[in-house]
There are 2 protein chains.
Amino acid sequence: MARPLPQRATLEDVARVAGVSRSTASRVLTGFGAASLSARDRVAAAAEQLGYAPDPAARALATGGGVRLVVAVAGTEPGVLHDPYVDRVVRAAAEVCAPREVGVSLEWLPLHAPERLRRLAEDRSVRGVLIVNTTERILAAVPAALDGRTVSIGIGSPAVPSFDVDNGGAASTIVSHLYDSGRRRIAMVTGPDWMPCTRRPVRAYQQVMGAAALPIRLVPGDFTAAGGQAAMLAILDRWPDTDAVFANSDAMALGALAVLRRRGVGVPDDVAVAGFDDVPFAALSAPALTTASHPVGRIATAAATAVLDRARTPPATAYPSELILRESA
Amino acid sequence: MARPLPQRATLEDVARVAGVSRSTASRVLTGFGAASLSARDRVAAAAEQLGYAPDPAARALATGGGVRLVVAVAGTEPGVLHDPYVDRVVRAAAEVCAPREVGVSLEWLPLHAPERLRRLAEDRSVRGVLIVNTTERILAAVPAALDGRTVSIGIGSPAVPSFDVDNGGAASTIVSHLYDSGRRRIAMVTGPDWMPCTRRPVRAYQQVMGAAALPIRLVPGDFTAAGGQAAMLAILDRWPDTDAVFANSDAMALGALAVLRRRGVGVPDDVAVAGFDDVPFAALSAPALTTASHPVGRIATAAATAVLDRARTPPATAYPSELILRESA
DNA sequence: GCTTGCGTTGGGAGCGTTCTCAGGGGTGCG
DNA sequence: CGCACCCCTGAGAACGCTCCCAACGCAAGC
């Protein structure tokens with residue numbers, strides 16, 4: 001196999017130039033262990049002169065440490081990476097990792113290959129894994145021994161502490177708001193069945209509707225705008241008298257909005273529409289979208305901090321979601 | 001330093017269980033080198049039984065190869081990762097990398113720390129780097145010796161082959177379209193000055209306007225919806241008679257659209273609005289956004305393939321951008 | 001002056017792989 | 001029957017780093 005990497009300064013080189021041993025150079029550069037002032041100076045100068053940078057792979061191999069944090073997004077296709085929710089997680093993780101000189105990687109975790117999660121968690125070069133939108137089946141792939149290297153934003157497991165948003169409560173709030181504003185024939189566009197993050201909102205919807213003795217109108221979506229359009233068409237077709245729609249993601253809500261506009265249905269007069277997540281474009285639609293804003297950034301910050309520190313304790317305070325009232329509902 | 005990684009099956013273990021030497025086990029598992037059928041079977045069985053997976057760090061150290069491809073996005077803050085353009089690059093890269101068992105990492109490349117790019121390119125655990133939206137200054141950090149490990153989606157350098165979109169041509173097409181539909185007082189909302197990807201569209205705009213002896217109306221934006229709103233307000237303020245706006249990104253165009261709607265300005269009757277990039281929501285706005293679609297996916301696919309193969313040749317065919325005519329212009 | 005102790009240093013073993021090299025055992029050919 | 005050849009194998013040296021351990025020199029204490 002080719003070795004395409006050109007010769008670069010190694011610790012050995014730095015030591016030679018500084019006139020000390022490799023051990024001393026290592027001690028100086030890692031900051032661990034004693035070293036005389038003169039040795040310290042000479043090594044630092046040599047490193048500077050040679051443009052030395054430690055090899056992350058070698059360091060990971062020697063220490064068992066880890067140089068990067070991986071945000072692993074579960075899903076059926078790489079397209080799941082294209083999600084505002086994920087972006088917010090990555091952003092928060094990047095901010096936590098930057099001062100510690102830990103890189104952030106974003107990777108797709110195919111639903112059909114749960115063992116890849118174990119690989120990721122076992123990889124010496126990864127410091128920790130932040131799983132997003134995972135399933136019980138995938139979490140089962142993480143053995144208890146790997147405990148502490150993996151944290152989930154979503155559901156958890158005995159081996160994987162969970163930092164979750166109260167999406168059930170947020171959904172409750174939204175459906176209740178629709179009810180309180182006089183809506184009685186409320187439909188809900190859900191996400192794919194396999195996603196735990198759609199199950200709780202669905203349950204919340206069913207609960208609120210059930211308590212008010214109102215009919216359940218569930219339509220499956222896929223979290224995309226196109227899926228939202230299709231779902232809205234289905235709703236108009238099956239239940240033409242629907243007076244409110246709660247979509248489990250803003251993208252689907254915006255898709256629904258586009259369909260209603262094209263059909264000449266008034267929003268919110270004829271049909272109220274509410275989304276979920278508060279993506280940036282939600283404020284710009286016509287009419288502007290009523291939705292729920294989850295503290296994803298803060299949760300992700302807590303999760304990233306926990307996994308970097310190998311802490312097992314979820315955050316003490318749960319950050320509540322917030323109802324964002326705009327024009328559409 | 002703690003060694004938090006629990007004991008896991010190593011090649012040595014597999015060899016012992018299979019009753020062969022480490023070398024033979026390695027040969028069988030990598031597929032390189034000869035091995036008898038029985039050895040092959042025994043090693044495979046042992047690996048299966050122990051749940052063996054090679055340690056990426058150790059493999060990277062030994063081969064100098066690399067296990068992941070890094071998509072590095074240059075910018076002033078981690079927020080640049082939150083960009084539909086970047087998402088499309090990551091997606092395409094993930095698709096190219098998946099069959100080769102190469103992971104994809106997304107990392108922010110701070111504008112003020114160009115040396116991090118060299119670190120990235122030197123890291124043995126990275127197979128290659130895909131730079132997005134870079135500057136000449138950052139590219140200068142890549143020494144010629146690292147040639148072939150780095151590829152740019154955007155401008156290039158002697159050491160970094162470039163796979164670029166013809167955004168100048170696309171901008172020309174858009175401005176010409178506005179002109180052809182009778183607009184004469186056309187303003188443009190640009191991106192930040194430091195971004196090369198805004199310079200060519202600006203030049204194209206100036207060229208088309210200059211050729212028609214029309215006045216130049218440039219307003220700076222920041223590629224976000226909020227920036228687009230601010231820019232639109234500035235345009236209405238400074239040049240109330242403007243009859244067309246070309247925004248250098250869809251997000252800014254959608255922001256502009258929101259401002260015009262709030263002001264009661266008719267689009268496209270009073271003011272035509274055109275965007276750039278064709279993000280998913282562009283089709284859903286009211287009115288739907290006229291924009292240009294760049295073959296980002298195909299370019300990124302070519303770039304990822306090139307960097308994985310260490311090829312130095314840019315793709316033979318340039319993929320043209322496409323004018324997406326919708327309602328706003 | 002000899003021992004004790006501390007601060008500093010270098011040697012060397014490991015981390016888990018890959019890959020080169022030399023040797024061993026079988027088969028085919030002369 | 002002997003030799004050459006080839007297939008297979010294992011020993012061992014890298015890769016670049018960290019870290020344990022033993023040794024060194026030097027000052028202080030008895």
Side-chain angles (χ1 to χ4, degrees), chain A residues 1-43 46-47 50-67 101 119 122-126, chain B residues 1-43 46-47 50-67 101 119 122-126:
Chain A
M1 198 168 289
R3 302 208 172 212
L5 211 53
Q7 64 293 349
R8 42 178 290 218
T10 163
L11 187 57
E12 190 82 50
D13 300 329
V14 174
R16 192 164 357 92
V17 170
V20 298
S21 74
R22 207 178 54 240
S23 319
T24 303
S26 169
R27 268 189 295 266
V28 171
L29 292 172
T30 55
F32 267 96
S36 68
L37 224 61
S38 79
R40 215 171 277 277
D41 282 350
R42 288 206 310 275
V43 169
L50 296 174
Y52 171 78
D55 183 321
R59 175 173 278 185
L61 184 57
T63 59
V67 207
E101 306 203 22
R119 297 269 170 83
E122 280 179 351
D123 188 333
R124 320 182 90 80
S125 72
V126 341
Chain B
M1 195 168 290
R3 303 209 173 211
L5 211 54
Q7 65 292 350
R8 41 177 292 216
T10 163
L11 189 56
E12 190 82 48
D13 299 329
V14 173
R16 188 161 5 86
V17 170
V20 298
S21 75
R22 208 178 50 240
S23 320
T24 303
S26 170
R27 267 189 294 265
V28 171
L29 292 173
T30 56
F32 267 98
S36 69
L37 224 61
S38 79
R40 215 171 279 274
D41 282 349
R42 287 205 311 273
V43 170
L50 296 174
Y52 170 78
D55 183 320
R59 174 174 278 184
L61 183 58
T63 59
V67 207
E101 305 202 24
R119 296 272 169 81
E122 279 179 353
D123 188 332
R124 321 181 90 82
S125 73
V126 342

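Proteins come first, then strands; the chains are lettered A, B, ... in the order of their sequence lines, and each starts at number 1. What you see below is based on every heavy atom in this structure, not just the backbone, and it leaves out hydrogens, waters and symmetry mates.
- Comparing dG16(D), dT8(C), dT18(D) by their nearest atom to the side chain of Thr30(A) picks out dT18(D).
- Residues meeting the salt bridge (charged side-chain N to carboxylate O under 4.0 Å, His left out) test with Arg119(A), sequence neighbours left out: none.
- Distance Asp55(B) CG to dT18(C) C1': 13 Å, rounded to the nearest Å.
- Contact annotation for Ala35(A): backbone-only contact, meaning every heavy-atom pair under 4.0 Å involves sugar-phosphate atoms and none involves a base.
- Applying the 4.0 Å criterion to OP1 and OP2 of dT18(C), one finds that Ser26(B) has a side-chain N or O inside that range.
- Note: CG (Leu37(B)) to P (dG26(C)) measures 18 Å, nearest angstrom.
- For Arg27(A), counting side-chain heavy atoms from C-beta on, the closest listed nucleotide (dT20(C), dG10(C), dG16(D)) is dG10(C).
- Nearest heavy-atom pair across Tyr52(B) and Leu29(B) is CE2-CD1, 3.6 Å.
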Pairwise N/O distances under 3.5 Å, protein to nucleotides 4-6 of chain D:
none

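- Residue Pro54(B) places its side chain closer to dT17(C) than to any other of dC15(D), dC17(D), dT17(C).
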Distance-only check: which donor-acceptor pairs under 3.5 Å involve side-chain atoms of residues 33-43 of chain A, not counting sequence neighbours?
| from | atom 1 | to | atom 2 | distance (Å) |
| --- | --- | --- | --- | --- |
| Ser36(A) | OG | Ala39(A) | N | 3.2 |
| Arg40(A) | NH2 | Ala35(A) | O | 3.0 |
| Arg42(A) | NE | Ala18(A) | O | 2.8 |

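- Nucleotide dG16(C) holds its P atom 18 Å from the CZ atom of Arg59(A), rounded to whole Å.
- Of all non-hydrogen atoms in Ala46(B) and Val14(B), the two that sit nearest each other are CB-O, 3.7 Å.
- In this structure, of dG12(D), dT17(C), dC15(C), it is dC15(C) that holds the atom nearest to the side chain of Ala62(A).
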### Task
Decide side chain to side chain contact (heavy atoms under 4.5 Å, CB included) for Thr30(B) and Arg59(B); before the verdict, give the C-alpha distance in whole Å, the side-chain angles of both, and the deciding distance to 0.1 Å.
CA-CA 11 Å; Thr30(B) 56; Arg59(B) 174 174 278 184; 4.2 Å; yes

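- The shortest distance between the side-chain N/O atoms of Thr24(A) and the OP1/OP2 oxygens of dT9(C) is not below 4.0 Å.
- A heavy-atom distance below 4.0 Å to DNA chain C is reached by these residues of residues 12-22 of chain A, ordered by number: Val20(A), Ser21(A), Arg22(A).
- The distance from atom OG1 of Thr63(A) to atom CZ of Arg124(A), rounded to the nearest 0.5 Å, is 8.0 Å.
- Evaluation of the salt bridge (charged side-chain N to carboxylate O under 4.0 Å, His left out) rule for Arg22(B) yields Glu12(B) as partners, not counting sequence neighbours.
- Atom-to-atom, CZ of Phe32(A) to P of dC21(D) comes out at 17 Å; the value is rounded to the nearest Å.
- A donor N or O paired with an acceptor N or O is not found under 3.5 Å between the base of dG7(C) and the side-chain atoms of Ser36(A).
- Arg40(B) places its CZ atom 11 Å from the C1' atom of dC8(D), with the value rounded to the nearest Å.
- Note that the two end axes of the helix from dG1(C)-dC30(D) to dG30(C)-dC1(D) enclose an angle of 60°, each drawn from 5 base pairs, rounded to 10 degrees.
- For Leu61(A) and dT18(C), the CG to P distance is 12 Å, given to the nearest whole Å.
- Between Thr10(A) and dC17(D) there is a side-chain N or O to OP1 or OP2 distance below 4.0 Å.
- Rounded to an integer number of Å, the gap from CG of Leu50(A) to P of dG16(D) is 14 Å.
- Atom OG of Ser125(B) is separated from atom CG of Leu61(B) by 10.5 Å, given to the nearest 0.5 angstrom.
- As a whole-Å value, the separation of Leu29(A) CG from dC19(D) P is 13 Å.
- Within the nucleic acid shown, Ala39(A) comes within 4.0 Å of sugar-phosphate atoms alone, with no base atom in reach, counting heavy atoms only.
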